[in-house]
*Asks:* 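Here it is, the structure in full.
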Amino acid sequence: MDSKSIGFYEEPPGSFEKSSQHRRDVAMKVYKVGGSCLASTDDLNIVLELAKDKPIFVFSALKGVTDKLIEQGKKAEAGEYSLEELRKLHYDTIESKLGNGRQQTKAKIDSLFSELQVTLDKIKLERKMTLELLDSVQAFGERLVVPIMEGFLNDKGIPAKALSDREGGFITTAEFGDANVPDEQLPAIKEKVMAVVEEGKIPVVAGFVGRTRAGKITTLGRGGSDLTATLIAAALGCEVVLFKDVDGLMSADPKLVPTAKIVRKMNSYDALEVAHYGSKVVFEKAIFPLLARDAPLNIRSFRGKSAGTIIDSSVSDELVVSTVKEASVLEFTGTMAHYGALMTKFAEIKYYPLAMLEISYGESSIIVDTPKTERLLQLLAEFKFTVKSGYSMVALIGASMKGKSGIAVRIFRLLADKGINVDGIFASPSGRNISVLIEKQNLEVAANVIHAEFIGK
Ligand code: ASP
Ligand code: MG
């Protein structure tokens, strides 16, 4: 699908009174630049190239900054912290890349660092970190990066304006660390972002960060700046490009399957499955705003030239092998009524299992990611279940499998030929996902034979 002009002609009259003539012919695009893309000051030159397309920019924190902020938060909780390294990193970027606007940008950075210091002092004093405080701390990576990018672009003669959280319309739920932006916010996001475009400036939006109605800083979850970008694209009905340090979405994890190749095109529902089943290339929640909307997503390399992957609503015949390295089976005993209560609980705690293996009158088995089991053990304390770990999951994903017979048989045969036992199988009725549960030590062989058979050697 081609990127679509934001087309004021297509808008009902009156919805964009402020729209001025000079922007009418421009096809809007959202460009999200990931944290790993901002590793050296040279990377800012690539940003300058991208700015020629007059996109709406969304930025992640400079490389490694979110982790460093969390680390200092933990240190503050233990009684001692230091902001020297983080301060130096941001100052150095300003020093080497900004000219005239240096002082003004430094003043903004200084005031953000003062605010961060107040937060860390509070944590230090109380010796207690809450999810709410952790969000105020980890949000600084993105809050710091946007004034720098704004200053940098302005210095190069490209009018730009930084927008963070509320200024961009990113009012969220109060689920600290995993906040959501309700659909009703989309018109506000559109209005705020377009107001900057109408001024003839490039919006430079802080990814990952939002604010509750009550004014508290929230974050959307690690990797969440992808979601900031897709929300803007959904609000505007335009294309979104996620620039990453990989060439695109791969047909398997290349560390596990060396023959994995770039997937050129993928349907958005298929992509959602891929994100749910282990792929870290795109933030899972970022796909939701694009489902059933005319807003194609392109994942591509920041430094390379490859066209990357296009994810949109069209049907594609490419398949992907997704792998979950550490999976566990929760085995519940109880009646169907019991099972209903369990599902209600999952909805309440917003945990979406990898698969329901079996639901029968007397028992049910549910597959979950092993790293989440500790939390689940606490949250599901009122239920009786056992946990079996040591599994992996391999999922073959792609809606083009629908209606084709014999796929599961081929998977079973391939694995049997290698002496690999299948401990569980899950096939979605939509036909877009067939997954097997196997012992962890068989993951590499299983992923490779399935990939070779259905995608290529
Ligand atoms: N900076 C945040 C993180 O590292 C958000 C992002 O990168 O998308 O998780
Ligand atoms: Mg990051």
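Here the structure is a predicted model, which is why all the values come from computation and not from measurement. Note that ligands are numbered from 1 as they come in the structure, with each ligand's atoms numbered from 1 the same way. Positions are given from 1, in the same order as the sequence printed here.
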*Asks:* Do Lys201 and Glu199 meet the salt-bridge criterion of a basic N to acidic O distance under 4.0 Å?
*Replies:*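 Looking at Glu199 and Lys201, the cut-off is met.
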*Asks:* Indicate yes or no: does Lys265 engage Asp312 in a salt bridge with an N to O separation below 4.0 Å.
*Replies:*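 Judged by the 4.0 Å cut-off on N to carboxylate O distance, Lys265 and Asp312 do form a salt bridge.
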*Asks:* Does ligand 1 have an atom under 4.0 Å from some heavy atom of Gly223?
*Replies:*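 The answer is yes, since Gly223 has a heavy atom less than 4.0 Å from ligand 1.
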*Asks:* Salt bridge or not between Glu95 and Lys106? Use side-chain N to carboxylate O under 4.0 Å.
*Replies:*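 Salt bridge flag = yes for Lys106 with Glu95.
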*Asks:* Could you tell me which atoms of ligand 1, counted from 1 in the order shown, lie closer than 4.0 angstrom to a heavy atom of Ser60?
*Replies:*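 The list of qualifying atoms is 6 (C), 7 (O), 8 (O).
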*Asks:* Taking both backbone and side-chain atoms of Ser225, is any N or O found less than 3.5 Å from an N or O belonging to ligand 1?
*Replies:*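 Between Ser225 and ligand 1 (N or O atoms, distance only) the closest approach is under 3.5 Å.
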*Asks:* Looking at Arg303 and Asp245, is there a salt bridge between them, counting it only when a charged N and a carboxylate O are closer than 4.0 Å?
*Replies:*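 Arg303 and Asp245: not salt-bridged.
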*Asks:* Could Glu84 and Lys88 be called an ion pair, given the rule that one side-chain N must be under 4.0 Å from one carboxylate O?
*Replies:*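 No, no charged N to carboxylate O under 4.0 Å.
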*Asks:* If you take the nearest heavy atom of each of Arg222, Glu142, Lys63, which one is closest to atom 5 (C) of ligand 1?
*Replies:*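 Considering heavy atoms of Arg222, Glu142, Lys63, the nearest to atom 5 (C) of ligand 1 sits in Glu142.
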*Asks:* With a 4.0 Å cut-off on heavy atoms, is Gly224 touching ligand 1?
*Replies:*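 Judged by the 4.0 Å heavy-atom criterion, Gly224 does count as contacting ligand 1.
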